[in-house]
Amino acid sequence: MLPYIKLPNKSLRVNGQEIFSFLNTSDKNIDWTTVESFGEEWSKFNFFDDQEISQIGNDYFDIVDEVMLNHNSYVLDVGCGTGRWTKYVSGRAGFVEAIDPSQAVASAANLLKNEKNVRITQASVETIPFADNAFDFVFSLGVLHHIPDTFEAMQSCVKKVKIGGFFLVYLYYSLDNRGFLYKLLFQISNLFRVLISKLPQKLKAFVCDLIAFFIYLPFVLISRIVENIAFLKKFIEYIPLSYYRKVSFNVIRNDALDRMGTPLEQRFSKKEINDMLIRAGLTDIQFSHNAPYWHAVGKKN
Ligand SMILES: C[S@@+](CC[C@H](N)C(=O)[O-])C[C@H]1O[C@@H](n2cnc3c(N)ncnc32)[C@H](O)[C@@H]1O
C-alpha cells in the first residue's frame with residue numbers, strides 16, 4: 001500500500017475498519033452543501049447488486065482495455081461514493097485506493113468489506129493524501145461536475161497519474177449531441193432541480209421518489225416497448241431517460257435523487273471536456289460513443 005503523504009486529522013471506525021480522514025475545512029474547491037447531500041443520499045442507497053454493478057460498470061469502462069487497467073495496476077477512485085465502481089474495478093486491478101469527502105465512506109466500508117485489495121480514505125480531490133505520479137490508473141465517475149472548479153479538480157486527479165498511466169472521467173454532458181426538444185425538457189427539469197435541491201432531506205427524497213415513479217418509469221416503460229419493436233428500435237436513443245431501461249428501480253430512484261436533489265451540478269460539451277483533458281496534460285483521448293455521456297479516457301505523457 002502507498003504511504004499517506006501527510007498525517008490524518010482523525011479516524012473513523014466502521015465495522016472494525018479504521019478509515020483515516022484528511023478533510024480540511026479550509027479546502028476551497030469543494031461545495032460542502034453538495035457533499036453533505038451526498039452523505040445523506042449514500043446512507044439511503046448503499047446496496048447495489050453485484051450483477052448490476054458489473055453491467056453498469058461495463059458501460060463506464062467500455063473504453064478501458066487491459067493495457068490501461070490490469071492486475072498490476074495501482075488505482076485511485078476519486079469521489080467513490082458507496083464504492084460501487086471501486087468494487088467493479090477491484091476485480092480487474094492490483095490495488096484500489098478509494099477517496100470521498102462525505103459520510104459515504106461508511107457506506108463504502110460496508111459494500112467493500114470483503115475486498116482485500118481496497119483501502120477507503122476520507123478526503124477531497126483538492127487534498128488527495130498520496131504522492132503525485134503514483135497511480136497507473138485514476139478514475140472519477142460523476143464527481144467533478146459537482147465541484148466548483150471542475151478543471152482544477154481534474155488537474156488534481158491527473159497529477160496523481162504516473163507518466164504513461166491513464167485517467168478515466170465521466171462528466172454530465174451539456175446535451176450537445178441532442179436536439180431542441182430534448183434540451184428544452186432538460187431546461188425545465190433543471191428549474192425543478194434548483195428548487196428541489198433546497199428542500200429538507202426527507203422531503204427531497206420523497207419528491208425524488210415521486211419523480212422516479214411518475215417521470216422516469218413511464219419513459220423507461222416506453223423505452224422497453226420500443227426496444228422490442230424491430231423497426232422502432234433504432235430510435236431508442238432519442239427517448240429521454242431510455243438508458244434506465246436496463247437498470248433496476250433502486251438505481252432509478254438513486255439517480256433521480258442524484259439528478260434532482262444535488263445543489264451544484266455543471267455540464268460540459270464533448271469539446272470542452274476534450275480541451276480540459278488536453279490542458280490537464282493528457283493525450284490519446286478517447287470518448288465512448290455510448291451513454292453515459294460523456295465518458296472519456298486519456299494517457300499522461
Ligand atoms: C454522484 S456521486 C458519484 C459517486 C460514485 N463515483 C458513483 O458513481 O457511484 C458524487 C460523489 O462526489 C463526491 N464529491 C463531492 N465533492 C467532492 C470533492 N471535492 N472531492 C472528491 N469527491 C467529491 C460526493 O461526496 C459524492 O460521493
Side-chain angles (χ1 to χ4, degrees), residues 19 21-49 52-61 75-90 96-112 118 120-130 138-160 167-172 193 197 208 243 247 250-267 291-292 295:
I19 299 175
S21 175
F22 294 84
L23 274 196
N24 200 333
T25 44
S26 63
D27 274 3
K28 289 190 183 62
N29 200 14
I30 186 165
D31 186 83
W32 291 104
T33 324
T34 296
V35 169
E36 201 181 314
S37 167
F38 275 119
E40 286 162 3
E41 173 179 331
W42 294 133
S43 60
K44 185 170 153 104
F45 291 101
N46 51 21
F47 176 76
F48 295 95
D49 174 72
E52 198 155 40
I53 290 181
S54 157
Q55 180 204 323
I56 307 175
N58 286 343
D59 288 343
Y60 284 110
F61 285 80
V75 177
L76 172 64
D77 178 358
V78 179
C80 64
T82 47
R84 52 187 171 165
W85 312 132
T86 298
K87 188 166 187 186
Y88 173 85
V89 161
S90 66
V96 192
E97 301 280 2
I99 67 161
D100 199 286
S102 75
Q103 287 303 323
V105 288
S107 306
N110 273 324
L111 190 77
L112 298 166
V118 165
I120 302 156
T121 302
Q122 191 173 42
S124 158
V125 68
E126 193 179 334
T127 44
I128 299 174
F130 301 110
V138 175
F139 68 100
S140 186
L141 301 179
V143 176
L144 305 186
H145 46 229
H146 296 303
I147 294 179
D149 188 333
T150 298
F151 175 62
E152 196 181 294
M154 186 184 279
Q155 280 181 309
S156 304
C157 294
V158 173
K159 258 192 208 161
K160 302 298 162 188
F167 175 59
L168 172 73
V169 70
Y170 160 55
L171 289 175
Y172 283 164
R193 176 186 66 79
S197 65
C208 291
Y243 178 77
V247 305
N250 182 48
V251 169
I252 293 174
R253 285 177 68 211
N254 180 191
D255 277 22
L257 181 56
D258 210 281
R259 249 305 278 126
M260 301 305 289
T262 307
L264 174 68
E265 77 156 50
Q266 307 182 71
R267 290 184 169 259
H295 61 285

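What you see below is based on every heavy atom in this structure, not just the backbone, and it leaves out hydrogens, waters and symmetry mates. In each ligand, atom 1 is the first atom listed, and ligand 1 is the first ligand listed.
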Please tell me whether Y60 and Y88 form a close aromatic pair, meaning their ring centres lie under 6.0 Å apart. no

Look at atom CD of Q103 and say whether more than 12 heavy atoms of other residues, nucleotides or ligands are closer to it than 6.0 Å. no

Who pairs with E52 by side chain to side chain contact (heavy atoms under 4.5 Å, CB included), at least two apart in sequence or on another chain? D49, I56, V247, S248, V251

Residue shell around ligand 1, heavy atom under 4.0 angstrom: N29, I30, V35, F38, W42, G79, C80, G81, R84, W85, D100, P101, S102, S124, V125, L141, G142, V143, H146, I147, D258

Taking side chain to side chain donor-acceptor pair (under 3.5 Å) as the test, write out the residues that go with K160, two or more places apart. D132

Salt bridge (charged side-chain N to carboxylate O under 4.0 Å, His left out) pairs, two or more places apart, involving residues 254-267: R193-E265, R259-E265, E265-R267

Would you kindly say whether T127 and N24 are connected by a side-chain donor-acceptor distance under 3.5 Å? no

